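Structure first, then comments.
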Amino acid sequence: MSEPKPLPIAARSEGCPFTPADELYEMQRSEELPRIMVPSPLLDEFEAATITRYEDAKNALSDTRLRMGFVFDPDAPRTMLNQPGNLLNYNGADHSRLRRMLTGAFTVKRVRSLRPMIERIVSDRLDAVERAGAGADLVRLFSTPIPTLVICELLGVPYADRADFQHRAQVGLDVNTSRETQIQNLAEMDEYMATLIASHRESPGDNLLGSVVRDHGDELTDEELVGIGNMLLIAGHETTASMLSASTTLLLRNPDQLAVVRDEPDAVDGAVEELLRYCSPATAMPRQAGEDMAVRDQEIEEGERVVVSVLAANRDLPEAAERDLDRLDVRNPPKHHVAFGYGAHQCLGQQLARMELRIALPALFNRFPELRFACSEEDIEYRTKALVFGVRNLPVTW
């Protein structure tokens, strides 16, 4: 077995931020499961076996022997990965119990009912971009506010609190912060969310969090409800915001692909799937072996950590023999991808994320059909080392 080596969990090519690093492709070709050192402000640096092939990723993410590994420890400091109510802190029957209470809020029918609200928010943000004029930063005015406003509507967060709410979510996903910063940030999130939960306990609002309190409040403690609220904030806000900004940047770099999203409504659903595969905003998913086991006939010991590279796996789909998966092709959407994970812990809010992308992207390019960068492509800063891949700034003109 080779010695573990340090590797950023979101390793991207120096030549193109949308392309996996050469090291990830080398791992994919290797018959041996490589061990790497994974930096984490919440777990400290840890060693993990790395899974980069698509079939291995699907098998691992659906294997109940590979657990989340973040079971709540009341004696340890509270972090995003150590709090009751967060689905990432549960396995097996405990996870199923909690997930069942939330599933009804994210059905296809329920998400479809949110379309008018999302369309209104998108239209308002497009007005804001137009008012700002040439040089407007789409990250600040469009990509970030849309999922923020949507999740605030769903959680019942007052408009005046949204800036602080958004800031705490960004800190919670920043791997470059210290553990102390993360602990302090979660304490502030807990304090705010506890106030929100108390309000819903008194009078459940007509929103997602209100419905959970109304339908399952007797089965959940206030601490669990606080954790649920924090989880929904992080999962429902930052990933979609990052995906919107990354997709827009990618399409501006590929005008022929942008034209399909702008001009062909019937192609939008498939285009969004291809963008999810290609951008892979949530780049890596960690697990921990609950018992001795084997992955591709290679031993994984009980307690050993495993990291699934979503970024690499999405360039290794079964259709790799039919097409070049390193080339963006929104007319040829993937039959399968693991951008939302796979198995019991597959993203609960994936239909909501899809809905926001399907509405926002064509609306942006139709409002501004001549949209283009207001700076050189080299001046755009990417978050290639964050837990969620994205773009820091996106100045545009039209």
Side-chain angles (χ1 to χ4, degrees), residues 87 98-129 138 141-162 165-166 169 193 196-197 199-200 203-217 225 228-248 261 265-266 268-273 275-276 281-282 339-341 346-367 388:
L87 285 175
L98 196 59
R99 189 176 174 104
R100 174 180 53 79
M101 298 182 197
L102 301 175
T103 299
F106 292 100
T107 62
V108 172
K109 181 179 179 180
R110 168 66 175 159
V111 170
R112 282 177 180 164
S113 74
L114 301 175
R115 174 176 277 276
M117 180 265 287
I118 298 172
E119 288 177 335
R120 171 177 53 79
I121 288 173
V122 168
S123 179
D124 289 346
R125 297 321 304 169
L126 290 172
D127 292 344
V129 171
L138 286 186
L141 294 171
F142 186 74
S143 306
T144 302
I146 289 172
T148 301
L149 293 166
V150 170
I151 199 65
C152 285
E153 290 275 354
L154 293 179
L155 296 183
V157 173
Y159 185 84
D161 297 342
R162 295 179 182 186
F165 204 61
Q166 178 182 321
M193 200 61 71
L196 205 59
I197 295 301
S199 174
H200 280 302
S203 177
D206 186 22
N207 49 53
L208 189 156
L209 200 53
S211 69
V212 172
V213 171
R214 184 168 44 251
D215 297 339
H216 303 287
L225 284 167
I228 288 172
N230 287 337
M231 175 195 67
L232 293 174
L233 165 64
I234 295 292
H237 158 249
E238 187 63 22
T239 47
T240 306
S242 298
M243 187 60 203
L244 268 175
S245 58
S247 298
T248 303
V261 175
D266 291 343
V268 170
D269 288 4
V272 165
E273 298 307 309
L275 291 165
L276 285 164
F340 292 110
Q346 192 170 20
C347 176
L348 188 63
Q350 59 182 287
Q351 298 305 334
L352 177 60
R354 285 186 168 103
M355 175 71 79
E356 292 180 52
L357 293 165
R358 289 168 181 170
I359 293 173
L361 288 172
L364 171 67
F365 299 126
N366 276 290
R367 175 72 75 92
V388 178

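Just so you know, these numbers use all the heavy atoms, side chains as well, and skip hydrogens, waters and symmetry mates. Computed from a predicted structure; not experimentally measured.
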Approximate separation, where rounding is to 0.5 Å, of Leu196 CG and Met193 CE: 6.0 Å

Derivation of the side-chain contact (heavy atoms from CB on, under 4.5 Å) call for Leu209 and Ile197: CA-CA 8 Å; Leu209 200 53; Ile197 295 301; 3.9 Å; yes

Considering all heavy atoms of both residues, which atom of Arg125 and which atom of Phe142 are nearest to each other, and what is their separation? CB-CD1, 4.0 Å

Side chains of Leu154 and Leu232: does their closest heavy-atom pair fall under 4.5 Å? no

SG of Cys347 to CG of Leu352: how many Å apart, nearest 0.5 Å? 9.0 Å

Check against side-chain contact (heavy atoms from CB on, under 4.5 Å), Phe340 and Thr239: CA-CA 10 Å; Phe340 292 110; Thr239 47; over 6 Å; no

Arg115 meets the salt bridge (charged side-chain N to carboxylate O under 4.0 Å, His left out) criterion, sequence neighbours left out, with Glu119

Can you tell me how far the CG atom of Leu149 sits from the CD1 atom of Ile121, to the nearest 0.5 Å? 5.0 Å

Looking only at heavy atoms, what is the nearest atom pair of Ile146 and Ala360, with distance? CD1-CB, 4.1 Å

Test side chain to side chain contact (heavy atoms under 4.5 Å, CB included) applied to Thr240 - qualifying residues, sequence neighbours left out: Pro147, Ala353, Glu356

Going by the rule side chain to side chain contact (heavy atoms under 4.5 Å, CB included), which residues pair with Ala105 if we only count those two or more places apart in sequence or in a different chain? Leu208

Carefully, step by step, assess Leu357 and Leu276 under the rule side-chain contact (heavy atoms from CB on, under 4.5 Å). CA-CA 10 Å; Leu357 293 165; Leu276 285 164; 4.1 Å; yes

Minimum heavy-atom distance between Gln351 and Val111, given as atom pair plus value: O-CG1, 3.5 Å

Is Arg120 atom CZ crowded by more than 12 heavy atoms from other residues, nucleotides or ligands, each under 6.0 Å away? yes

Look only at the side chain of Ser113 and the backbone of Arg110, and say whether a donor-acceptor pair between them is shorter than 3.5 Å. yes

Could I get the full list of salt bridge (charged side-chain N to carboxylate O under 4.0 Å, His left out) partners for Asp127, not counting sequence neighbours? Arg367

Rounded to the nearest 0.5 Å, what separation is found between the OG1 atom of Thr103 and the CG atom of Leu98? 9.5 Å

Holding to side chain to side chain contact (heavy atoms under 4.5 Å, CB included), I want the full list of residues that pass it with Thr248, two or more places apart in sequence or in another chain. Leu138, Leu252, Leu361, Leu364, Phe365, Leu394

Can you find a heavy atom in the side chain of Asn207 that is under 4.5 Å from one in the side chain of Glu153? no

Please find the pair of heavy atoms, one from Arg99 and one from Leu87, that lie closest to each other, and give the distance. N-CD2, 3.8 Å

Atom CE in Met101, atom OG in Ser211: separation rounded to 0.5 Å? 12.5 Å

Of all the heavy-atom pairs spanning Leu155 and Gly229, show the shortest one and how long it is. CD1-O, 4.0 Å

Quick one, Val150 with Met355, criterion side-chain contact (heavy atoms from CB on, under 4.5 Å). Give me CA distance, side-chain angles, the key distance, then yes/no. CA-CA 11 Å; Val150 170; Met355 175 71 79; over 6 Å; no

Could you report the tightest heavy-atom contact between Thr148 and His237, atom names first, then the distance? OG1-CD2, 2.9 Å

What pairs with Glu273 under salt bridge (charged side-chain N to carboxylate O under 4.0 Å, His left out), at least two apart in sequence or on another chain? Arg354, Arg358

With a 3.5 Å distance limit and no angle check, can you tell me whether Ser203 reaches the backbone of His200 through a side-chain donor-acceptor pair? no

